[in-house]
Amino acid sequence: MQLNKKTIVVTGAQGGIGRCLINLLKDQQANIIAVGRKSEDGVTQADLSNNNSVDLLCKDLRKKDVDILINLAGLMYFGELKQQPLVDLEKMVAVNLTAPIKLTQAVLPAMEQKCQGNIVNIGSIFGSLPFPYFSAYSSTKAGLKGFSDSLRREYKNRGINVTHVSPRAVDTPFNTGEIDLFNKRTNASIDSPEKVARIIIKAIVSEKRSINIGFAENFFVNINHLLPSLVDKALIEKRDIAKKIF
């Protein structure tokens, strides 16, 4: 798929990956609709944790001829599930899962009419390789993976492609001090936002189905599907590391 002159919606446009992604898309001469939570020139302001805000954004997108929707925005919580405030849990589900589904609903009719389009959902390795102390976050990202796979099969051979990209740890302010400490103590591989943005672009252009970033991460995702008990042992060790942080 060529990106030249394509109208592309990018949520999470003000984050580390989002800004890199938009710069790369502009280099490809794409028309960008950047969506972010804060007021900023060139950005469509929307709070994806708020139903009314999402509904207004959907109403606006239905009027536009969107070629590609990139659901990048996300929220993360690191810690014991019992300690997570209910309001934060609800916001994370709204941003990570509900909003991408609603935005997809909004752009699908125009894509279906012209038999062409691409839905790009940015998940996480934690969606396929759920980590302790990331239970709610992993659940939302697993849900996004399920949504991507189901939607892809629903629109197979109808001109609409669905791409799911699962990054591992990324060097952005998205990672809190505790998450950064956890990554260091577990020797996690950390990618730059520029690298992740380039992988996303490549996946869109080549119309990839699904990408797990990182060789080791992809390997353990497959092992988790086949022999989850083996992965349980490894991740319980990481749970014990996480417990010492709090």
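One is the number of the first residue; the rest follow in order along the sequence.
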Asker: Please determine whether side chain to side chain contact (heavy atoms under 4.5 Å, CB included) holds for the pair Met1 and Asn161, giving the CA-CA distance in whole Å, both sets of side-chain angles, and the decisive distance to 0.1 Å.
Answerer: CA-CA 10 Å; Met1 173 182 288; Asn161 189 58; 5.7 Å; no
Asker: Taking the side chain from Lys59 and the backbone from Ala106, do they hold a donor-acceptor pair closer than 3.5 Å?
Answerer: no
Asker: May I ask you to check whether over 12 heavy atoms, not counting those of Lys202, lie within 6.0 Å of atom NZ?
Answerer: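 No, not enclosed.
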Asker: So which of Tyr77, Phe220, Tyr137, Phe126 actually passes ring pair (Phe, Tyr, Trp, His ring centres under 6.0 Å) with Phe131?
Answerer: Phe126
Asker: If you measure from CZ on Arg158 to CE on Met111, what distance do you get to the nearest 0.5 Å?
Answerer: 13.0 Å
Asker: Nearest 0.5 Å please: distance from the CD atom of Gln116 over to the NZ atom of Lys6.
Answerer: 4.0 Å
Asker: Less than 4.5 Å apart, side chain to side chain, heavy atoms only: is that true for Ser210 and Lys145?
Answerer: yes
Asker: Less than 4.5 Å apart, side chain to side chain, heavy atoms only: is that true for Ile8 and Ile204?
Answerer: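 Contact flag for Ile8/Ile204 side chains = no.
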Asker: If you group Ile, Leu, Val, Met, Phe, Trp and Tyr by side-chain heavy-atom gaps below 4.5 Å, do Leu230 and Leu226 land in one group?
Answerer: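 Looking at the clustering, Leu226 is in the same group as Leu230.
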Asker: Heavy atoms only: give me the nearest Val162-Ser148 pair and the separation to one decimal.
Answerer: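 The pair with the smallest heavy-atom distance is CG1-O, 3.5 Å.
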Asker: Nearest 0.5 angstrom please: Cys58 SG to Lys63 NZ, how far?
Answerer: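 Taking SG in Cys58 and NZ in Lys63, the distance rounds to 12.5 Å.
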Asker: Working to the nearest 0.5 angstrom, can you tell me the gap between Ile33 CD1 and Thr11 OG1?
Answerer: 12.0 Å
Asker: Linking I/L/V/M/F/W/Y whenever any side-chain heavy atoms sit under 4.5 Å apart, do Val120 and Leu61 land together?
Answerer: no
Asker: When you look at Lys244 and Asp240, which way does the salt bridge (charged side-chain N to carboxylate O under 4.0 Å, His left out) test go after all the steps?
Answerer: CA-CA 7 Å; Lys244 294 177 180 177; Asp240 294 338; over 6 Å; no
Asker: What are the two closest non-hydrogen atoms of Pro167 and Gly123, and how far apart are they?
Answerer: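 It is CD-O, 3.3 Å.
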Asker: Got Ile236 and Pro132 here, is their nearest side-chain heavy-atom distance under 4.5 Å?
Answerer: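 Ile236 vs Pro132: side chains apart.
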Asker: Are more than 12 heavy atoms from other residues, nucleotides or ligands located less than 6.0 Å from atom CD of Glu154?
Answerer: yes
Asker: Of the options Glu40, Arg37, Arg19, Gln45, which is the one that meets Gln14 in a side-chain hydrogen bond (donor to acceptor under 3.5 Å, both in side chains)?
Answerer: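 The passing option is Glu40.
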Asker: What is the minimum heavy-atom distance between Glu217 and Arg168, and which atoms define it?
Answerer: OE1-NH1, 3.1 Å
Asker: State, yes or no, whether a side-chain contact exists between Val165 and Lys208 at a heavy-atom distance under 4.5 Å.
Answerer: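 Of all side-chain heavy-atom pairs linking Lys208 with Val165, none is under 4.5 Å.
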Asker: Compare all side-chain heavy atoms of Lys64 with those of Thr7 and state whether any distance is below 4.5 angstrom.
Answerer: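 A side-chain contact is absent here, since even the closest heavy-atom pair is not under 4.5 Å.
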Asker: Is Ile68 reachable from Ile199 through a run of I, L, V, M, F, W or Y residues, each pair having side-chain heavy atoms under 4.5 Å apart?
Answerer: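 Yes, because Ile199 and Ile68 connect within a single hydrophobic cluster, where side-chain heavy atoms sit under 4.5 Å apart.
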Asker: Honestly curious: do Tyr133 and Leu181 fall in one hydrophobic cluster under the side-chain, below-4.5 Å linking rule?
Answerer: yes
Asker: For Thr186, check side-chain contact (heavy atoms from CB on, under 4.5 Å) against everything at least two apart and list the hits.
Answerer: Phe182, Ala188, Lys238, Ile241
Asker: So, do Ile245 and Arg185 sit near enough that their side-chain heavy atoms are less than 4.5 Å apart?
Answerer: yes
Asker: Kindly give the heavy-atom pair with the smallest separation between Asn224 and Pro130, and that separation in Å.
Answerer: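 Here Asn224 and Pro130 meet closest at ND2-CD, 3.9 Å.
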Asker: Using atom types as modelled and distance alone, determine if a side-chain donor or acceptor of Ser49 lies under 3.5 Å from a backbone N or O of Lys91.
Answerer: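 No.
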Asker: Nearest 0.5 Å, please: how far is CD1 in Ile201 from CG in Leu24?
Answerer: 5.5 Å
Asker: Identify the heavy atoms of Ala110 and Asp65 that sit nearest to each other, and give their distance.
Answerer: CB-OD1, 4.3 Å
Asker: Any non-hydrogen side-chain atom of Ile101 less than 4.5 Å from a side-chain atom of Leu97?
Answerer: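 Of all side-chain heavy-atom pairs linking Leu97 with Ile101, at least one is under 4.5 Å.
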Asker: Closer than 3.5 angstrom, by distance alone: can the side chain of Asp60 be matched with the main-chain N or O of Leu56 as a donor-acceptor pair?
Answerer: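 No.
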Asker: Apply the side-chain contact (heavy atoms from CB on, under 4.5 Å) test between Asn218 and each candidate in Ile213, Ile125, Asn212; give the one that qualifies.
Answerer: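 Among the candidates, only Asn212 passes.
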Asker: Going through the distances and angles, do Val43 and Lys38 end up as a side chain to side chain contact (heavy atoms under 4.5 Å, CB included)?
Answerer: CA-CA 8 Å; Val43 175; Lys38 300 176 183 179; over 6 Å; no
Asker: Using a 3.5 Å distance criterion without hydrogens, assess whether the side chain of Asn31 forms a donor-acceptor pair with backbone atoms of Lys5.
Answerer: yes
Asker: Do Val205 and Ile22 share a hydrophobic cluster (ILVMFWY, side-chain heavy atoms under 4.5 Å, transitive)?
Answerer: yes
Asker: If you round to the nearest 0.5 Å, how far is CD1 of Ile70 from CG of Leu103?
Answerer: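 The distance works out to 12.5 Å.
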Asker: Is there a side chain to side chain contact (heavy atoms under 4.5 Å, CB included) between Val93 and Glu90 once you walk through the steps?
Answerer: CA-CA 5 Å; Val93 173; Glu90 291 173 342; 5.9 Å; no
Asker: So, using side-chain contact (heavy atoms from CB on, under 4.5 Å) as the criterion, who are the partners of Thr104 when residues are at least two apart?
Answerer: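 Residues passing side-chain contact (heavy atoms from CB on, under 4.5 Å) with Thr104: Leu69, Asn71, Leu108, Ile119, Phe147, Leu151.
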Asker: To check you understand the geometry: which heavy-atom pair defines the closest contact between Ser128 and Val221, and what is its length?
Answerer: CB-CG1, 3.7 Å
Asker: Would a distance-only check, ignoring hydrogens and angles, find a side-chain to backbone donor-acceptor pair under 3.5 Å from Asn96 to Leu144?
Answerer: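 Checking the backbone N and O of Leu144 against the side chain of Asn96, no donor-acceptor pair under 3.5 Å is found.
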